[in-house]
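In what follows, every chain begins at residue 1, and chains take the letters A, B, ... in the order their sequences are listed. Because only heavy atoms are used, hydrogens play no part in the values below, and waters and symmetry mates are left out as well, while side chains stay in.
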Amino acid sequence: GAGVSQSPSNKVTEKGKDVELRCDPISGHTALYWYRQRLGQGLEFLIYFQGNSAPDKSGLPSDRFSAERTGESVSTLTIQRTQQEDSAVYLCASSLDPSGYNEQFFGPGTRLTVL
Amino acid sequence: AQSVTQLGSHVSVSEGALVLLRCNYSSSVPPYLFWYVQYPNQGLQLLLKYTSAATLVKGINGFEAEFKKSETSFHLTKPSAHMSDAAEYFCAVSGASGTYKYIFGTGTRLKVLA
């Protein structure tokens, strides 16, 4: 596709349930990022993938959060035993390479609401 | 360590007036700087970026930003605001090669008054 896509666009779940969010990056982009954006706040870095290298998980807020990426394709962010404070928009971005020179292209986000 | 500070979480301007959104950064290496815009219920879209070429950078929709090393600033401007400019704007910094993390500011919500 032409851009980064994310699914679902909206997810409402009950506290304690697990959720899985999906990101399809732009083809050929080796770097992939996940961010969390709470209402009225900036972007909070969660995790970074680069090719087959070990991911940078330093931004994951707890062990309930995990993410996977197979090669340079789709990534999934999983939140186990969701809590109300997990409610946020989860944004995925990809870039051509991790040089810092190339801009990140963002998906439309998944709005997660935990009741 | 790198950081970004955006002064003013909310800015209001009249239609046709100058838009000025402030961004200051700190970086121990020559930075790359970006401005992104986020329209309601959408992802972030790149407005412009500075990558050590010209210090005055022109972007889309009539926006521009000037890199001032002495002031460690990268303020975003537009001579004449349009209603369609109402959105949230994020400044971001990344370092030279080897530093893949982008540090985003907390954002400035721009309101354009008729």
| OH of B:Y102 to OH of A:Y33: how many Å apart, nearest 0.5 Å? |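 It comes to 4.5 Å.
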| query | So what's closer than 4.5 Å to chain A heavy atoms on B:L46: side chain, backbone, both or neither? | reply |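 Side chain of B:L46 only, per the 4.5 Å heavy-atom cut-off to chain A.
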| message | With a 4.5 angstrom heavy-atom cut-off, is it the side chain or the backbone of B:Q38 that approaches chain A, or both, or neither? | response |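 Side chain only.
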Does [atom1] belonging to [X] count more than 12 external heavy atoms closer than 6.0 Å?
X: A:E14; atom1: CD; result: no
X: B:I60; atom1: CD1; result: yes
X: B:E15; atom1: CD; result: yes

Common cluster, [X]/[Y], ILVMFWY with side-chain heavy-atom separation under 4.5 Å:
X: B:M83; Y: B:V13; result: yes
X: A:I47; Y: A:I79; result: yes
X: A:L91; Y: A:W34; result: no
X: A:V19; Y: A:L77; result: yes

Side chain, backbone, both or neither of [X] within contact of chain B (heavy atoms, under 4.5 Å):
X: A:S58; answer: side chain
X: A:Q37; answer: side chain
X: A:F105; answer: neither

| query | How far apart are the closest heavy atoms of B:Y36 and A:E103, and which atoms are they? | reply |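 Shortest heavy-atom contact: OH-CB, 3.5 Å.
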| request: List the atom of A:F106, the atom of B:L44, and the distance in Å for their closest heavy-atom pair. | output: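 Result for this residue pair: CB-O, 3.4 Å.
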| request: Taking the six-membered ring for Trp and the full ring for Phe, Tyr or His, determine whether the centres of A:Y35 and B:F104 are under 6.0 Å apart. | output: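 When the ring centroids of A:Y35 and B:F104 are compared, they turn out to be within the sub-6.0 Å range.
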